[in-house]
Amino acid sequence: MSDITIRRAGAEDSKRLTRLVRRSAAYRGDYAAMVEGYQVGGAYIEHHQVFVAVDENDRVLGFYALLLDEAELDLAFVADAAQGLGIGRLLMEHMTGQAEAAGLASVRVVAHPPAEEFYLRTGAVPTGTLPPTGRIHWARPELRYDIT
């Protein structure tokens, strides 16, 4: 893999991050309702700790959004073409570093069911399961990264 930079996202990244979410192969079929019409807006990016992994050509490889007030990982995506290259692990290491710098003791994750194994492999511990609600017709694993 080429040189990878993790940088703070800006409002100008909104369209590219939205495209990554909407095109994610993990959200096809039964899970498509989760991202239908979803937008990673500029105001969201400016308000939260959103970091993006890019290559030397500024191609978006993945991103995450850490909500400091809620101590929660709200979004985490890796581009389909970058899956299996360690981008997700780099992002989670970066996220836990940001959480530690912010003084968080732990970070909650409500996971997309197919992503649960990834979070477990990167150090999260299971804490429960959230029942289906609204447009979400499946149970969602709840996990936690212990920071301090």
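From a predicted model like this one, the values you see are computed outputs, not experimental measurements.
Among residues two or more places apart in sequence or in another chain, the side-chain hydrogen bond (donor to acceptor under 3.5 Å, both in side chains) test is passed with D80 by none. Remark: F118 engages M92, R121, T122 in a side chain to side chain contact (heavy atoms under 4.5 Å, CB included) (not counting sequence neighbours). Taking the side chain to side chain contact (heavy atoms under 4.5 Å, CB included) definition, one finds that T129 meets it with A139, sequence neighbours left out.
Across all non-hydrogen atoms, the minimal contact from G42 to A11 is CA-CB, 3.8 Å. Residues I87 and A82 approach most closely at CG1-O, 3.9 Å, considering heavy atoms.
Between the H137 side chain and the P132 main chain, no donor and acceptor come within less than 3.5 Å of each other. T18 places a side-chain N or O within 3.5 Å of a backbone atom of V40 that can act as its donor or acceptor partner. Side-chain atoms of N57 do not come within 3.5 Å of backbone N or O of R59 as any donor-acceptor pair.
Residues F63 and I45 are not in side-chain contact: their nearest non-hydrogen atoms beyond the backbone lie 4.5 Å or more apart. Between L61 and V54 the shortest side-chain heavy-atom distance does not fall below 4.5 Å. Between L75 and F77 there is a side-chain heavy-atom pair separated by less than 4.5 Å.
Remark: L85 CG to I4 CD1 distance equals 7.5 Å, nearest 0.5 Å. Between the CG atom of D3 and the CD atom of E56 there is a distance of 6.0 Å, given to the nearest 0.5 Å. Between the OG1 atom of T5 and the CG atom of D58 there is a distance of 9.0 Å, given to the nearest 0.5 Å. Of the inter-residue distances, the one linking S24 atom OG with Q83 atom CD reads 7.0 Å to the nearest 0.5 angstrom. Taking CD of E72 as the start and CZ of R144 as the end, the distance is 13.5 Å to the nearest 0.5 Å. Note: E116 CD to L143 CG = 5.5 Å, rounded to the nearest 0.5 Å.
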Under 3.5 Å donor-acceptor pairs involving side-chain atoms of residues 31-38, not counting sequence neighbours:
none

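Screening residues 84-106 for side-chain hydrogen bond (donor to acceptor under 3.5 Å, both in side chains), with sequence neighbours left out, gives Y64-H94.
Between D13 and R8 there is no salt bridge, since no side-chain N of the basic residue sits under 4.0 Å from a carboxylate O of the acidic one. Under 4.0 Å is where a charged nitrogen must lie from a carboxylate oxygen, and between R108 and D74 no such pair does.
Applying the 6.0 Å contact sphere to CZ of R23 captures no more than 12 heavy atoms from other residues, nucleotides or ligands.
Between Y27 and H112, the ring-plane angle classifies as parallel under the 30° and 60° cut-offs.
The other members of the hydrophobic cluster of L130, by chain and number, are V110 (side-chain heavy atoms under 4.5 Å, ILVMFWY only).
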* Give the intermediate values and the outcome of side chain to side chain contact (heavy atoms under 4.5 Å, CB included) for residues R16 and L20. => CA-CA 6 Å; R16 295 190 307 160; L20 193 156; over 6 Å; no
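No continuous path of hydrophobic side-chain contacts links M95 to V125 [ILVMFWY only; heavy atoms under 4.5 Å].
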